[in-house]
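First up is the structure itself, then whatever we jot down about it.
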There are 2 protein chains.
Amino acid sequence: MFSKACEYGIRASIFIAKNSREGRRVSPREISKEIDSPQAFTAKILQDLVRHDVIKSVQGAYGGFEIDKDTIATIKLSQIVEAIDGNGIYSGCGLGLRECNEQHPCPMHDKFKSIRNDLRDMLETTNLEELATGIKNGEAFLKV
Amino acid sequence: MFSKACEYGIRASIFIAKNSREGRRVSPREISKEIDSPQAFTAKILQDLVRHDVIKSVQGAYGGFEIDKDTIATIKLSQIVEAIDGNGIYSGCGLGLRECNEQHPCPMHDKFKSIRNDLRDMLETTNLEELATGIKNGEAFLKV
DNA sequence: TTTATTTCGGATAAATATATCCTATTTATA
DNA sequence: TATAAATAGGATATATTTATCCGAAATAAA
Ligand code: FES
Ligand code: FES
């Protein structure tokens, strides 16, 4: 469904959100340990998310990654997915035609479209705040 | 969503189904032309589908690929997807945890599960007969 | 200002997915 | 039986994704 990079990116963002709520910056080392992902690869993805204004980085000693406390609830899953995987999952044809087009649909179009729209709605209405809360409460997990 | 191989496999199966209803066998050359896919690569995928009993091949002169007329309506999209991409899309965790587990859910689990189940239901209730009919009637297309 | 720490970014490696090529095998027909 | 036409399958090539490595730049604190 999502690329590995995107999976790591979402898990990392949730972990950063949880820690930022507690006023703690985190390093790629700590992040990749807590979400069980390859460190250098994860660091690349974090840089990508910084460039896309999903998270913030602070360079130098005592630096790390964080998210402004008051924006955590405004960051949607869709922003992370689009930053890393692009928007093909929202608009692309399920059977790989050049574009999904009502006037030139593939045989799966009608049935696929509704699922794709549900997925888009879900990603656009889910924010980091609620996901981080699940982790905080021990109801959900980021690894294993 | 699906791999290229899976997209080609579904499009090819629909094309074969349409032709088998008309009593015509088709070659990889004709298939890849009609679904606009790389020929040799498509041929590999067709072999895979034969091994998984989704389609039938007839070797030698006047051979080709076909589907028994009376089984076309019984072949579900899910069989093709599972043959090529495996069943990860049905059972895998959306955030890449080792397994999707109610007792150890990722933060996206509840919301993701319902979409994944809708997708599975769609693939399990859609058969080649109806898809081929769309093509036959000119309501749907397999390329461009 | 020096030092230690940390992100940034380029280069490279490894793994996987996609695609091509060529030969062997099968089979209907002449 | 010989021939031509077609799928099967191994070997190989290319592209993309995933992953690692290392030095440069930034920055807080001593
Ligand atoms: S054309 Fe294929 S999903 Fe819309
Ligand atoms: S555990 Fe992640 S989707 Fe179920």
Side-chain angles (χ1 to χ4, degrees), chain A residues 1-13 15-16 19-20 24-33 35-67 81 83-86 88-89 92 95-96, chain B residues 1-13 15-16 19-20 24-33 35-67 81 83-86 88-89 92 95-96:
Chain A
M1 183 80 78
F2 306 115
S3 67
K4 280 280 169 207
C6 192
E7 292 172 356
Y8 297 154
I10 295 173
R11 306 217 305 263
S13 298
F15 180 71
I16 296 168
N19 281 276
S20 292
R24 247 185 313 114
R25 266 180 211 149
V26 286
S27 66
R29 185 173 42 265
E30 187 180 358
I31 294 169
S32 60
K33 187 180 160 234
I35 73 172
D36 190 26
S37 68
Q39 181 177 329
F41 188 50
T42 305
K44 294 283 190 218
I45 298 161
L46 293 169
Q47 287 175 38
D48 220 30
L49 291 176
V50 169
R51 278 189 291 269
H52 281 87
D53 293 315
V54 173
I55 61 179
K56 275 178 59 180
S57 70
V58 178
Q59 291 191 52
Y62 293 79
F65 294 90
E66 63 184 19
I67 304 176
V81 172
I84 301 175
D85 281 351
I89 205 164
L95 288 188
Chain B
M1 185 78 78
F2 306 115
S3 68
K4 282 279 169 207
C6 193
E7 292 173 355
Y8 298 154
I10 295 173
R11 305 216 306 263
S13 298
F15 180 70
I16 296 168
N19 280 278
S20 291
R24 250 188 307 116
R25 266 179 211 151
V26 286
S27 65
R29 185 172 43 265
E30 187 180 357
I31 294 169
S32 60
K33 186 179 161 235
I35 72 173
D36 191 27
S37 68
Q39 181 177 329
F41 187 51
T42 305
K44 295 282 191 219
I45 298 161
L46 292 170
Q47 286 175 39
D48 219 32
L49 291 175
V50 169
R51 279 190 291 268
H52 281 88
D53 293 315
V54 173
I55 61 180
K56 275 178 56 178
S57 70
V58 178
Q59 291 191 52
Y62 293 79
F65 294 91
E66 63 185 17
I67 304 176
V81 173
I84 301 175
D85 280 352
I89 205 164
L95 289 189

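Bear in mind that the values here come from a model prediction, so they are computed numbers and not experimental data. To find a chain, count down the sequence lines: A is the first, B the second, and so on, and within it residues start at 1.
With sequence neighbours excluded, the residues that form a side chain to side chain contact (heavy atoms under 4.5 Å, CB included) with Ala83(A) are Leu49(A), His52(A). Legend: residues meeting salt bridge (Lys or Arg N to Asp or Glu O under 4.0 Å) with Lys4(B), ordered by chain and number and at least two apart, are Glu7(B). By the side chain to side chain donor-acceptor pair (under 3.5 Å) test, Ser20(B) is found to be paired with no residue, residues two or more places apart in sequence or in another chain being considered. Qualifying side chain to side chain contact (heavy atoms under 4.5 Å, CB included) partners for Lys44(B), counting only residues two or more places apart in sequence or in other chains: none. With sequence neighbours left out, the side chain to side chain donor-acceptor pair (under 3.5 Å) criterion links Ser13(A) to no other residue. The side chain to side chain contact (heavy atoms under 4.5 Å, CB included) check on Lys56(A) picks up Glu66(A), Asp68(A), with sequence neighbours excluded. Shown here are the ring pair (Phe, Tyr, Trp, His ring centres under 6.0 Å) partners of Tyr8(B), two or more places apart in sequence or in another chain: Phe41(B). Taking the side chain to side chain donor-acceptor pair (under 3.5 Å) definition, one finds that Ser32(A) meets it with nothing, sequence neighbours left out. Contacts of Gln47(B) classified as side chain to side chain contact (heavy atoms under 4.5 Å, CB included), with partners at least two apart in sequence or in another chain: Arg51(B).
Each end of the helix from dT1(C)-dA30(D) to dA30(C)-dT1(D) gets its own axis from five base pairs, and the two axes differ in direction by 0°, given to 10 degrees.
dT6(C) atom P lies 13 Å from atom CD1 of Ile31(A), rounded to whole Å. The OH atom of Tyr8(B) sits 13 Å away from the C1' atom of dT20(C) (whole-angstrom rounding). The CD1 atom of Ile16(A) sits 14 Å away from the C1' atom of dT6(C) (whole-angstrom rounding). At whole-Å resolution of the value, NZ in Lys4(B) and P in dT17(D) are 11 Å apart. Here dT5(C) presents its P atom at 18 Å from CZ of Phe65(A), a figure rounded to the nearest Å. In this structure, Glu7(B) places its CD atom 10 Å from P of dA19(C), rounding to the nearest Å.
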Worked check of side chain to side chain contact (heavy atoms under 4.5 Å, CB included) between Arg24(A) and Glu30(A): CA-CA 12 Å; Arg24(A) 247 185 313 114; Glu30(A) 187 180 358; 3.9 Å; yes
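Close to dA5(D), at under 4.0 Å from its OP1 or OP2, lies no side-chain N or O of Ser27(B). Of the side-chain N and O atoms in Ser57(B), none sit less than 4.0 angstrom from OP1 or OP2 of dA6(D). Look at Arg29(A) and you'll find a side-chain N or O under 4.0 angstrom from OP1 or OP2 of dT6(C).
You'll find the side chain of Ser27(A) stays beyond 4.5 Å of the side chain of Phe65(A), heavy atoms only.
Of the residues in residues 41-56 of chain A, Phe41(A), Lys44(A) come within less than 4.0 Å of DNA chain D through at least one heavy atom, sorted by number.
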Can you build the contact string for nucleotides 25-30 of chain D? Use B for base contact, S for sugar-phosphate-only contact, and - for no protein heavy atom under 4.0 Å. -BBBS-
